[in-house]
Amino acid sequence: MVVLAKPAALEQISLLRTPEPWETLSGVPAVDLSGPDAAGHVVRACERLGFFSVVNHGVPAGVVDRLEAEAVRFFASAQADKDASGPADPFGYGSKRIGRNGDMGWLEYLLLAIDRDALSDSMACPAASSALREAINEYVVAMRWLARTVLEMVAEGLGVSPRGALADMVTGDDAASDQVFRLNHYPPCPLPLPPSCSVTGFGEHTDPQLVSILRSNGAAGLQVALHDDGGRWVSVPPNRDAFFVNVGDSLQVLTNGRLKSVRHRVVAGSGLKSRVSMIYFGGPPLAQRIAPLPQLLQAGHGSLPLYREFTWGEYKKAAYRSRLGDNRLAPFEEPPVAAAAHHHHHWS
Ligand SMILES: C=C1C[C@]23C[C@@]1(O)CC[C@H]2[C@@]12CC[C@H](O)[C@@](C)(C(=O)O1)[C@H]2[C@@H]3C(=O)O
Ligand SMILES: O=C(O)CCC(=O)C(=O)O
Ligand SMILES: [Fe+2]
(Lines give C-alpha, C1' and ligand atoms only; values in the text may rest on other atoms or scores of the structure.)
(Ligands and ions follow the chains in the order given, each with its own letter.)
Protein backbone atom coordinates (compact mmCIF):
# COMPACT_ATOMS: atom_id res chain seq x y z
CA MET A 1 0.00 0.00 0.00
CA VAL A 2 1.28 3.45 -0.85
CA VAL A 3 0.83 6.00 1.87
CA LEU A 4 0.94 9.52 0.55
CA ALA A 5 2.56 12.02 2.85
CA LYS A 6 0.92 15.41 2.83
CA PRO A 7 3.32 17.71 0.96
CA ALA A 8 5.05 20.16 3.25
CA ALA A 9 3.86 23.09 1.15
CA LEU A 10 0.23 22.10 1.72
CA GLU A 11 0.76 22.00 5.43
CA GLN A 12 2.07 25.53 5.21
CA ILE A 13 -0.86 26.77 3.22
CA SER A 14 -3.38 25.32 5.64
CA LEU A 15 -1.88 27.64 8.23
CA LEU A 16 -2.47 30.71 6.08
CA ARG A 17 -4.68 33.30 7.63
CA THR A 18 -6.83 35.64 5.58
CA PRO A 19 -6.23 39.32 6.13
CA GLU A 20 -7.83 40.46 9.32
CA PRO A 21 -7.43 43.85 10.90
CA TRP A 22 -5.99 44.01 14.37
CA GLU A 23 -4.49 46.76 16.31
CA THR A 24 -1.80 47.16 18.87
CA LEU A 25 -2.88 47.16 22.46
CA SER A 26 -1.39 50.33 23.85
CA GLY A 27 -2.83 49.63 27.25
CA VAL A 28 -1.48 46.21 28.26
CA PRO A 29 -1.63 46.76 31.99
CA ALA A 30 1.91 46.85 33.39
CA VAL A 31 2.24 46.03 37.05
CA ASP A 32 5.21 47.41 38.92
CA LEU A 33 5.78 44.60 41.40
CA SER A 34 7.41 46.87 43.92
CA GLY A 35 5.00 49.77 43.43
CA PRO A 36 2.10 50.81 45.67
CA ASP A 37 -1.05 48.64 45.59
CA ALA A 38 0.52 46.05 43.27
CA ALA A 39 -2.07 43.49 44.47
CA GLY A 40 -4.95 45.80 43.48
CA HIS A 41 -3.42 46.35 40.04
CA VAL A 42 -2.93 42.61 39.54
CA VAL A 43 -6.55 41.83 40.41
CA ARG A 44 -7.99 44.61 38.23
CA ALA A 45 -5.89 43.48 35.23
CA CYS A 46 -6.95 39.85 35.75
CA GLU A 47 -10.62 40.83 35.98
CA ARG A 48 -10.55 43.03 32.90
CA LEU A 49 -8.23 41.11 30.59
CA GLY A 50 -6.79 38.02 32.30
CA PHE A 51 -3.43 39.31 31.13
CA PHE A 52 -0.80 41.81 32.27
CA SER A 53 2.90 42.46 32.14
CA VAL A 54 5.20 42.58 35.12
CA VAL A 55 7.97 45.15 35.28
CA ASN A 56 10.50 45.89 38.04
CA HIS A 57 10.32 42.19 38.83
CA GLY A 58 13.87 41.81 40.07
CA VAL A 59 14.58 38.67 38.02
CA PRO A 60 18.24 39.10 37.00
CA ALA A 61 18.70 39.77 33.27
CA GLY A 62 21.53 37.21 33.22
CA VAL A 63 19.14 34.37 34.10
CA VAL A 64 16.85 35.33 31.21
CA ASP A 65 19.64 36.02 28.71
CA ARG A 66 21.40 32.73 29.42
CA LEU A 67 18.22 30.79 28.73
CA GLU A 68 17.48 32.72 25.57
CA ALA A 69 21.01 32.07 24.25
CA GLU A 70 20.75 28.33 25.03
CA ALA A 71 17.29 28.13 23.47
CA VAL A 72 18.56 29.79 20.28
CA ARG A 73 21.49 27.37 20.24
CA PHE A 74 19.14 24.40 20.70
CA PHE A 75 16.81 25.40 17.87
CA ALA A 76 19.81 26.04 15.59
CA SER A 77 21.13 22.48 16.08
CA ALA A 78 20.82 19.80 13.41
CA GLN A 79 17.23 18.74 12.64
CA ALA A 80 18.13 15.06 13.10
CA ASP A 81 19.41 15.79 16.62
CA LYS A 82 16.27 17.68 17.53
CA ASP A 83 14.06 14.95 16.05
CA ALA A 84 15.85 12.41 18.26
CA SER A 85 14.22 14.22 21.22
CA GLY A 86 10.75 13.96 19.73
CA PRO A 87 7.98 13.67 18.92
CA ALA A 88 6.45 15.57 21.82
CA ASP A 89 4.00 13.10 23.40
CA PRO A 90 3.37 15.20 25.29
CA PHE A 91 6.96 16.01 26.31
CA GLY A 92 10.00 16.42 24.09
CA TYR A 93 10.76 18.17 20.81
CA GLY A 94 7.86 18.95 18.50
CA SER A 95 7.56 20.60 15.13
CA LYS A 96 4.34 22.04 13.67
CA ARG A 97 2.09 19.54 15.45
CA ILE A 98 0.55 20.79 18.70
CA GLY A 99 -1.05 18.23 21.02
CA ARG A 100 -2.49 14.94 19.77
CA ASN A 101 -5.62 16.02 18.01
CA GLY A 102 -4.55 17.56 14.73
CA ASP A 103 -3.64 21.13 15.68
CA MET A 104 -0.81 22.67 13.67
CA GLY A 105 1.24 25.82 13.98
CA TRP A 106 4.21 27.38 12.26
CA LEU A 107 6.64 26.64 15.09
CA GLU A 108 8.98 24.17 16.69
CA TYR A 109 9.17 23.69 20.44
CA LEU A 110 10.54 21.82 23.41
CA LEU A 111 7.97 20.83 26.04
CA LEU A 112 9.30 19.68 29.41
CA ALA A 113 7.96 18.52 32.78
CA ILE A 114 9.21 20.22 35.93
CA ASP A 115 9.46 18.34 39.23
CA ARG A 116 9.40 20.77 42.16
CA ASP A 117 12.13 23.25 41.19
CA ALA A 118 14.00 21.56 38.34
CA LEU A 119 13.60 19.65 35.09
CA SER A 120 12.15 16.22 35.72
CA ASP A 121 14.70 13.38 35.61
CA SER A 122 12.22 11.53 33.41
CA MET A 123 12.89 13.97 30.59
CA ALA A 124 15.01 11.83 28.31
CA CYS A 125 15.91 14.62 25.97
CA PRO A 126 19.25 13.88 24.38
CA ALA A 127 19.30 17.10 22.37
CA ALA A 128 19.12 19.26 25.48
CA SER A 129 22.69 20.10 26.44
CA SER A 130 23.66 20.32 30.08
CA ALA A 131 24.05 24.08 29.59
CA LEU A 132 20.41 24.28 28.41
CA ARG A 133 19.25 22.16 31.34
CA GLU A 134 21.12 24.34 33.82
CA ALA A 135 19.75 27.50 32.25
CA ILE A 136 16.20 26.09 32.47
CA ASN A 137 16.64 25.06 36.09
CA GLU A 138 17.92 28.48 37.06
CA TYR A 139 15.06 30.17 35.17
CA VAL A 140 12.39 27.90 36.65
CA VAL A 141 13.42 28.86 40.19
CA ALA A 142 12.81 32.51 39.24
CA MET A 143 9.44 31.68 37.60
CA ARG A 144 8.27 29.77 40.68
CA TRP A 145 9.05 32.80 42.79
CA LEU A 146 7.20 35.07 40.35
CA ALA A 147 4.18 32.74 40.14
CA ARG A 148 4.07 32.60 43.93
CA THR A 149 4.29 36.39 44.22
CA VAL A 150 1.52 36.93 41.65
CA LEU A 151 -0.79 34.32 43.23
CA GLU A 152 -0.23 35.81 46.70
CA MET A 153 -1.16 39.21 45.31
CA VAL A 154 -4.30 37.76 43.72
CA ALA A 155 -5.32 36.29 47.11
CA GLU A 156 -4.53 39.55 48.88
CA GLY A 157 -6.37 41.66 46.30
CA LEU A 158 -9.45 39.41 46.49
CA GLY A 159 -9.39 39.23 50.29
CA VAL A 160 -8.75 35.48 50.31
CA SER A 161 -6.92 34.07 53.30
CA PRO A 162 -4.50 32.63 53.97
CA ARG A 163 -2.39 34.62 51.56
CA GLY A 164 -0.79 31.40 50.30
CA ALA A 165 -4.11 29.64 49.52
CA LEU A 166 -3.60 29.87 45.73
CA ALA A 167 0.20 30.08 45.63
CA ASP A 168 0.56 26.83 47.62
CA MET A 169 -1.34 24.94 44.91
CA VAL A 170 1.51 25.64 42.50
CA THR A 171 4.60 26.20 44.62
CA GLY A 172 3.70 24.56 47.95
CA ASP A 173 6.15 21.88 48.99
CA ASP A 174 3.84 19.29 50.53
CA ALA A 175 2.55 17.79 47.26
CA ALA A 176 4.08 17.62 43.79
CA SER A 177 2.48 20.26 41.61
CA ASP A 178 2.11 19.86 37.85
CA GLN A 179 4.44 22.37 36.26
CA VAL A 180 5.35 22.47 32.59
CA PHE A 181 8.01 24.45 30.80
CA ARG A 182 7.95 25.26 27.11
CA LEU A 183 10.39 26.83 24.65
CA ASN A 184 8.77 27.94 21.38
CA HIS A 185 10.57 29.01 18.21
CA TYR A 186 8.62 30.64 15.37
CA PRO A 187 10.83 30.88 12.29
CA PRO A 188 9.93 33.56 9.75
CA CYS A 189 7.58 32.12 7.12
CA PRO A 190 9.72 31.27 4.07
CA LEU A 191 6.87 31.71 1.59
CA PRO A 192 6.14 35.13 0.17
CA LEU A 193 2.73 35.91 1.60
CA PRO A 194 0.02 37.98 -0.05
CA PRO A 195 -0.08 41.48 1.43
CA SER A 196 -1.34 41.64 5.00
CA CYS A 197 -1.62 37.83 5.21
CA SER A 198 -0.06 35.98 8.09
CA VAL A 199 0.37 32.40 9.26
CA THR A 200 -0.84 30.78 12.44
CA GLY A 201 2.10 30.37 14.77
CA PHE A 202 0.11 29.05 17.73
CA GLY A 203 -3.68 28.90 17.37
CA GLU A 204 -6.03 30.65 19.76
CA HIS A 205 -6.61 28.99 23.13
CA THR A 206 -6.70 29.51 26.85
CA ASP A 207 -4.12 27.88 29.11
CA PRO A 208 -5.61 25.24 31.44
CA GLN A 209 -3.41 25.88 34.52
CA LEU A 210 -3.69 28.60 37.20
CA VAL A 211 -1.15 30.97 35.67
CA SER A 212 1.37 30.98 32.84
CA ILE A 213 4.34 33.30 32.75
CA LEU A 214 5.64 34.13 29.30
CA ARG A 215 8.74 35.92 28.16
CA SER A 216 9.84 36.42 24.56
CA ASN A 217 12.63 37.98 22.59
CA GLY A 218 11.86 41.28 20.86
CA ALA A 219 9.83 39.68 18.03
CA ALA A 220 6.14 40.53 17.83
CA GLY A 221 3.35 38.01 17.24
CA LEU A 222 1.46 37.52 20.50
CA GLN A 223 -2.17 38.62 20.46
CA VAL A 224 -4.86 38.53 23.14
CA ALA A 225 -8.65 38.73 22.91
CA LEU A 226 -10.39 41.48 24.87
CA HIS A 227 -13.20 40.22 27.11
CA ASP A 228 -14.91 43.56 27.39
CA ASP A 229 -14.98 44.17 23.65
CA GLY A 230 -16.59 41.18 21.96
CA GLY A 231 -13.37 39.20 21.90
CA ARG A 232 -11.62 41.71 19.62
CA TRP A 233 -8.00 40.66 18.98
CA VAL A 234 -5.16 43.02 19.80
CA SER A 235 -1.39 42.65 19.37
CA VAL A 236 0.79 42.79 22.45
CA PRO A 237 3.86 44.98 21.90
CA PRO A 238 6.95 42.87 22.61
CA ASN A 239 9.00 43.73 25.66
CA ARG A 240 12.16 41.70 26.31
CA ASP A 241 12.43 43.06 29.82
CA ALA A 242 8.96 42.16 31.01
CA PHE A 243 7.15 38.96 31.90
CA PHE A 244 3.59 38.47 30.68
CA VAL A 245 1.18 36.71 32.99
CA ASN A 246 -1.84 34.81 31.62
CA VAL A 247 -4.73 33.83 33.85
CA GLY A 248 -5.51 30.14 33.18
CA ASP A 249 -8.83 28.28 33.31
CA SER A 250 -8.18 26.85 36.79
CA LEU A 251 -7.76 30.30 38.32
CA GLN A 252 -10.96 31.40 36.59
CA VAL A 253 -12.82 28.54 38.32
CA LEU A 254 -11.17 29.07 41.71
CA THR A 255 -12.25 32.73 41.62
CA ASN A 256 -15.75 31.76 40.38
CA GLY A 257 -15.24 33.62 37.13
CA ARG A 258 -14.12 36.86 38.69
CA LEU A 259 -10.70 36.53 37.10
CA LYS A 260 -10.92 35.53 33.45
CA SER A 261 -8.63 33.19 31.54
CA VAL A 262 -7.37 34.99 28.46
CA ARG A 263 -7.66 33.68 24.90
CA HIS A 264 -4.37 34.25 23.14
CA ARG A 265 -2.55 33.21 19.96
CA VAL A 266 0.65 33.84 18.02
CA VAL A 267 0.66 34.98 14.40
CA ALA A 268 3.70 35.16 12.17
CA GLY A 269 4.15 36.95 8.89
CA SER A 270 6.81 36.62 6.20
CA GLY A 271 9.99 38.55 6.76
CA LEU A 272 9.37 38.95 10.46
CA LYS A 273 12.31 38.15 12.67
CA SER A 274 12.01 34.82 14.38
CA ARG A 275 10.30 34.72 17.73
CA VAL A 276 11.60 32.74 20.68
CA SER A 277 9.41 32.47 23.74
CA MET A 278 9.75 30.68 27.04
CA ILE A 279 6.71 29.86 29.12
CA TYR A 280 6.28 28.47 32.62
CA PHE A 281 2.85 26.88 33.23
CA GLY A 282 1.87 26.67 36.90
CA GLY A 283 -0.56 23.81 37.53
CA PRO A 284 -1.52 22.20 40.87
CA PRO A 285 -1.03 18.57 41.99
CA LEU A 286 -3.17 16.09 40.01
CA ALA A 287 -5.38 15.40 43.04
CA GLN A 288 -6.01 19.12 43.73
CA ARG A 289 -9.71 19.91 43.84
CA ILE A 290 -10.63 22.89 41.73
CA ALA A 291 -13.87 24.65 42.67
CA PRO A 292 -14.88 28.23 43.44
CA LEU A 293 -13.23 29.21 46.76
CA PRO A 294 -15.89 29.25 49.51
CA GLN A 295 -14.63 32.68 50.63
CA LEU A 296 -15.60 34.08 47.25
CA LEU A 297 -19.14 32.68 47.53
CA GLN A 298 -19.97 34.19 50.88
CA ALA A 299 -22.67 36.73 51.53
CA GLY A 300 -21.56 40.10 50.28
CA HIS A 301 -19.98 38.59 47.18
CA GLY A 302 -23.50 37.51 46.23
CA SER A 303 -22.36 34.80 43.86
CA LEU A 304 -23.54 31.30 43.12
CA PRO A 305 -20.96 28.70 42.12
CA LEU A 306 -20.61 28.91 38.35
CA TYR A 307 -18.60 25.67 38.05
CA ARG A 308 -18.82 22.22 39.51
CA GLU A 309 -15.83 20.81 41.32
CA PHE A 310 -13.23 18.75 39.47
CA THR A 311 -9.69 17.63 40.11
CA TRP A 312 -6.81 19.03 38.11
CA GLY A 313 -6.14 15.45 36.94
CA GLU A 314 -9.67 15.22 35.48
CA TYR A 315 -9.38 18.59 33.80
CA LYS A 316 -6.00 17.78 32.33
CA LYS A 317 -7.22 14.46 30.96
CA ALA A 318 -10.15 16.22 29.26
CA ALA A 319 -7.82 18.96 27.99
CA TYR A 320 -5.53 16.48 26.27
CA ARG A 321 -8.53 15.04 24.41
CA SER A 322 -9.63 18.48 23.21
CA ARG A 323 -8.63 20.61 20.27
CA LEU A 324 -6.49 23.65 21.01
CA GLY A 325 -9.24 26.23 20.44
CA ASP A 326 -12.00 24.39 22.34
CA ASN A 327 -13.75 25.97 25.30
CA ARG A 328 -12.53 23.42 27.83
CA LEU A 329 -14.46 24.92 30.74
CA ALA A 330 -17.90 24.61 29.13
CA PRO A 331 -18.51 21.00 30.34
CA PHE A 332 -17.83 22.10 33.92
CA GLU A 333 -20.17 25.08 33.98
CA GLU A 334 -23.16 24.84 36.30
CA PRO A 335 -26.34 25.59 34.37
CA PRO A 336 -27.74 28.83 35.87
CA VAL A 337 -30.86 27.03 37.11
CA ALA A 338 -28.91 24.24 38.76
CA ALA A 339 -26.64 26.83 40.33
CA ALA A 340 -29.70 28.60 41.75
CA ALA A 341 -31.19 25.32 42.99
CA HIS A 342 -27.90 24.37 44.60
CA HIS A 343 -27.83 27.72 46.32
CA HIS A 344 -31.43 27.39 47.47
CA HIS A 345 -30.69 23.95 48.89
CA HIS A 346 -27.95 25.44 51.08
CA TRP A 347 -30.21 28.07 52.53
CA SER A 348 -33.42 26.10 53.05
C1 LIG B 1 -4.10 20.73 21.62
C2 LIG B 1 -3.54 20.66 22.80
C3 LIG B 1 -2.14 21.12 23.11
C4 LIG B 1 -2.20 21.30 24.62
C5 LIG B 1 -2.99 20.05 24.98
C6 LIG B 1 -4.19 20.19 24.06
O7 LIG B 1 -4.90 18.98 23.87
C8 LIG B 1 -5.12 21.30 24.62
C9 LIG B 1 -4.32 22.26 25.55
C10 LIG B 1 -2.96 22.62 24.96
C11 LIG B 1 -2.06 23.38 25.95
C12 LIG B 1 -2.12 24.91 25.82
C13 LIG B 1 -1.23 25.54 26.88
C14 LIG B 1 0.16 24.87 26.96
O15 LIG B 1 0.95 25.27 25.83
C16 LIG B 1 0.02 23.33 26.96
C17 LIG B 1 1.37 22.64 27.24
C18 LIG B 1 -1.03 22.93 27.94
O19 LIG B 1 -0.88 22.61 29.10
O20 LIG B 1 -2.27 22.95 27.32
C21 LIG B 1 -0.65 22.91 25.65
C22 LIG B 1 -0.85 21.40 25.37
C23 LIG B 1 0.31 20.81 24.55
O24 LIG B 1 0.92 21.51 23.73
O25 LIG B 1 0.59 19.62 24.75
O1 LIG C 1 4.88 31.24 22.21
C2 LIG C 1 4.11 32.12 22.64
O3 LIG C 1 4.42 33.30 22.64
C4 LIG C 1 2.77 31.72 23.20
C5 LIG C 1 2.54 30.22 23.16
C6 LIG C 1 1.41 29.75 24.02
O7 LIG C 1 0.44 30.43 24.22
C8 LIG C 1 1.51 28.43 24.64
O9 LIG C 1 2.53 27.74 24.41
O10 LIG C 1 0.58 28.05 25.37
FE1 LIG D 1 -0.84 29.61 25.77
Side-chain angles (χ1 to χ4, degrees), residues 24-36 38-39 41-42 45 51-77 107-112 114 116-119 128-153 167 170-171 179-188 201-202 207 209 211-224 235-247 264 266 268 272-282:
T24 297
L25 180 61
S26 42
V28 175
V31 176
D32 179 342
L33 267 202
S34 49
H41 289 295
V42 165
F51 183 81
F52 61 93
S53 72
V54 175
V55 296
N56 287 337
H57 41 69
V59 176
V63 172
V64 177
D65 293 346
R66 260 193 295 282
L67 178 57
E68 184 177 326
E70 289 304 328
V72 167
R73 202 194 308 274
F74 170 80
F75 287 119
S77 60
L107 86 164
E108 57 177 343
Y109 60 88
L110 196 53
L111 196 49
L112 301 161
I114 303 297
R116 296 184 186 274
D117 57 1
L119 269 180
S129 65
S130 57
L132 175 57
R133 287 166 181 274
E134 278 163 27
I136 292 173
N137 287 345
E138 187 182 42
Y139 186 84
V140 159
V141 170
M143 291 306 98
R144 280 170 57 85
W145 170 82
L146 191 51
R148 174 151 205 102
T149 303
V150 164
L151 288 170
E152 284 180 352
M153 287 182 173
V170 177
T171 63
Q179 306 160 94
V180 173
F181 188 69
R182 171 165 216 150
L183 293 171
N184 288 335
H185 173 224
Y186 303 88
F202 207 111
D207 293 345
Q209 295 81 1
V211 282
S212 323
I213 305 178
L214 179 151
R215 190 262 167 191
S216 66
N217 67 351
L222 182 65
Q223 301 185 338
V224 297
S235 296
V236 177
N239 181 352
R240 310 184 71 250
D241 302 319
F243 293 100
F244 292 93
V245 178
N246 287 340
V247 172
H264 56 284
V266 176
L272 280 180
K273 71 181 244 188
S274 73
R275 174 179 169 88
V276 175
S277 55
M278 38 199 84
I279 308 138
Y280 165 86
F281 299 95

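The structure presented is a predicted model; accordingly, all values stated were derived computationally and were not measured. These numbers come from the heavy atoms of this one structure, side chains and all, not from hydrogens, waters or symmetry mates. Positions are given from 1 along the sequence.
- Annotation for Arg275 and Ser216: closest pair NH1-OG, 3.4 Å, computed over non-hydrogen atoms.
- The two atoms that bring Glu152 and Ala167 nearest to each other are CG-CB, 3.9 Å, heavy atoms only.
- In this structure, Tyr109 has no ring-ring contact (aromatic ring centres under 6.0 Å, His included) partners at least two apart in sequence or on a different chain.
- Among all heavy-atom pairs drawn from Val236 and Phe244, the shortest one is CG1-CE2, 3.5 Å.
- When all heavy atoms of Ile114 and Val180 are compared, the closest pair comes out as CG1-C, 4.3 Å.
- Partners of Ser34 by side-chain hydrogen bond (donor to acceptor under 3.5 Å, both in side chains), not counting sequence neighbours, listed by chain and number: Asp32.
- For the pair Ser129 and Glu70, the minimum side-chain heavy-atom distance is below 4.5 Å.
- Residues Leu132 and Leu110 have side chains in contact (heavy-atom distance under 4.5 Å, counting atoms from C-beta outward).
- With hydrogens and angles disregarded, a donor-acceptor distance shorter than 3.5 Å links the side chain of Arg215 to the backbone of Arg240.
- In this structure, Asn137 and Ala118 approach most closely via the heavy-atom pair OD1-CA, 3.5 Å.
- The shortest distance between side-chain heavy atoms of Met153 and Leu33 falls below 4.5 Å.
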List the atom pairs, with distances to 0.1 Å, where a side-chain N or O of residues 138-147 and a protein N or O form a donor-acceptor pair under 3.5 Å, not counting sequence neighbours.
unit_1	atom_1	unit_2	atom_2	d
Glu138	OE1	Arg66	NE	3.0
Glu138	OE1	Arg66	NH2	3.4
Glu138	OE2	Arg66	NH2	3.0
Arg144	NH1	Arg116	O	2.9
Arg144	NH1	Gln179	OE1	3.0

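- Among residues two or more places apart in sequence or in another chain, the ring-ring contact (aromatic ring centres under 6.0 Å, His included) test is passed with His264 by His205.
- When all heavy atoms of Pro187 and Ser274 are compared, the closest pair comes out as CA-CB, 3.9 Å.
- Between Leu183 and Phe74 there is no side-chain heavy-atom pair separated by less than 4.5 Å.
- Residue Met278 forms a side-chain contact (heavy atoms from CB on, under 4.5 Å) with just one option from Ile136, Leu67, Asn217, Leu214, and that option is Leu67.
- Residues that satisfy the ring-ring contact (aromatic ring centres under 6.0 Å, His included) test with Tyr186, not counting sequence neighbours, are absent from this structure.
- Inter-residue side-chain proximity for Leu222 and Phe51 is flagged as met; some heavy-atom pair is nearer than 4.5 Å.
- Side-chain N or O atoms of Asp241 include none that pairs as donor or acceptor with a backbone N or O of Val55 at under 3.5 Å.
- Residues that satisfy the side-chain hydrogen bond (donor to acceptor under 3.5 Å, both in side chains) test with Ser53, not counting sequence neighbours, are absent from this structure.
- Looking only at side-chain heavy atoms (C-beta outward), Leu119 and Phe181 stay at 4.5 Å or farther from each other.
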